[in-house]
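Notes for the one structure printed next.
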Amino acid sequence: SIKKSLSRILKLSLIRSAKILKNTKKNSVVLSSKSIDKKALNLLMGKLLNGVYQINSFKIKKLDEFKVSFEIEIKW
C-alpha cells in the first residue's frame with residue numbers, strides 16, 4: 001500500500017537523518033522539513049516522483065546553497 005511504501009522511504013538513513021515531519025490526515029499525508037540537505041531531498045523526490053504517489057501540493061524554498069525547506073502533500 002501507499003502508506004507502507006512511504007514509511008519504507010522515510011526509514012532510509014539519509015532521509016531519516018533529515019528529521020522530516022509527517023502529519024497524517026484522513027485522506028493524505030503532509031511531509032515537511034524546515035531544513036533538509038539537497039542530497040536527502042534529491043533522494044526523497046526521486047523515490048516519490050518515480051513511485052505511484054499522487055502529489056497534491058509541493059512547496060520548496062531555498063535556504064542557502066546546500067539546504068532547502070519543503071512541504072509536500074500526498075493523497076491516497
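Each residue takes its place number in the sequence, starting with 1. These figures come from a predicted structure and were not determined experimentally.
- Looking at Val68 and Ile36, their side chains come closer than 4.5 Å, going by heavy atoms from C-beta outward.
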From CA spacing to verdict: side chain to side chain contact (heavy atoms under 4.5 Å, CB included), Leu41, Ile15: CA-CA 8 Å; Leu41 181 65; Ile15 295 174; over 6 Å; no

Output a table of donor-acceptor pairs, distance under 3.5 Å, between side-chain atoms of residues 48-61 and any protein atom two or more places apart or on a different chain; print 'none' if there are none.
from  : atom 1 : to    : atom 2 : distance (Å)
Asn50 : ND2    : Gly46 : O      : 2.9
Tyr53 : OH     : Ser5  : OG     : 2.8
Asn56 : ND2    : Glu73 : OE1    : 3.3

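- Residue Ala18 comes nearest to Ser33 through the heavy atom pair O-OG, 3.7 Å, listed as atom of the first residue, atom of the second, then distance.
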Side chain to side chain contact (heavy atoms under 4.5 Å, CB included) assessment of Lys22 paired with Thr24: CA-CA 6 Å; Lys22 180 179 168 186; Thr24 306; 3.8 Å; yes

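- Two residues are said to be in side-chain contact when any heavy atoms from C-beta on lie closer than 4.5 Å; Ser35 and Leu63 meet this criterion.
- Here NZ of Lys75 is found 8.5 Å from NZ of Lys25. Values are rounded to the nearest 0.5 Å.
- When all heavy atoms are compared, the tightest approach of Glu71 to Val30 is CG-CG1, 3.7 Å.
- To the nearest 0.5 angstrom, Leu6 atom CG is 9.5 Å from Ser1 atom OG.
- Summarising the geometry, atom NZ belonging to Lys19 is positioned 13.5 Å from atom NZ belonging to Lys34; distances are rounded to the nearest 0.5 Å.
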Candidate pair Leu31 and Ile74, rule side chain to side chain contact (heavy atoms under 4.5 Å, CB included), full reasoning: CA-CA 8 Å; Leu31 304 176; Ile74 300 171; 4.2 Å; yes

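- Note that CG of Asn23 and OG of Ser28 are 8.0 Å apart. Values are rounded to the nearest 0.5 Å.
- Using a 4.5 Å heavy-atom threshold, the side chains of Leu12 and Leu10 count as separate.
- With sequence neighbours excluded, the residues satisfying side-chain contact (heavy atoms from CB on, under 4.5 Å) with Ser13 are Arg16.
- Using a 4.5 Å cut-off on side-chain heavy atoms (C-beta onward), Leu44 and Ile20 make contact.
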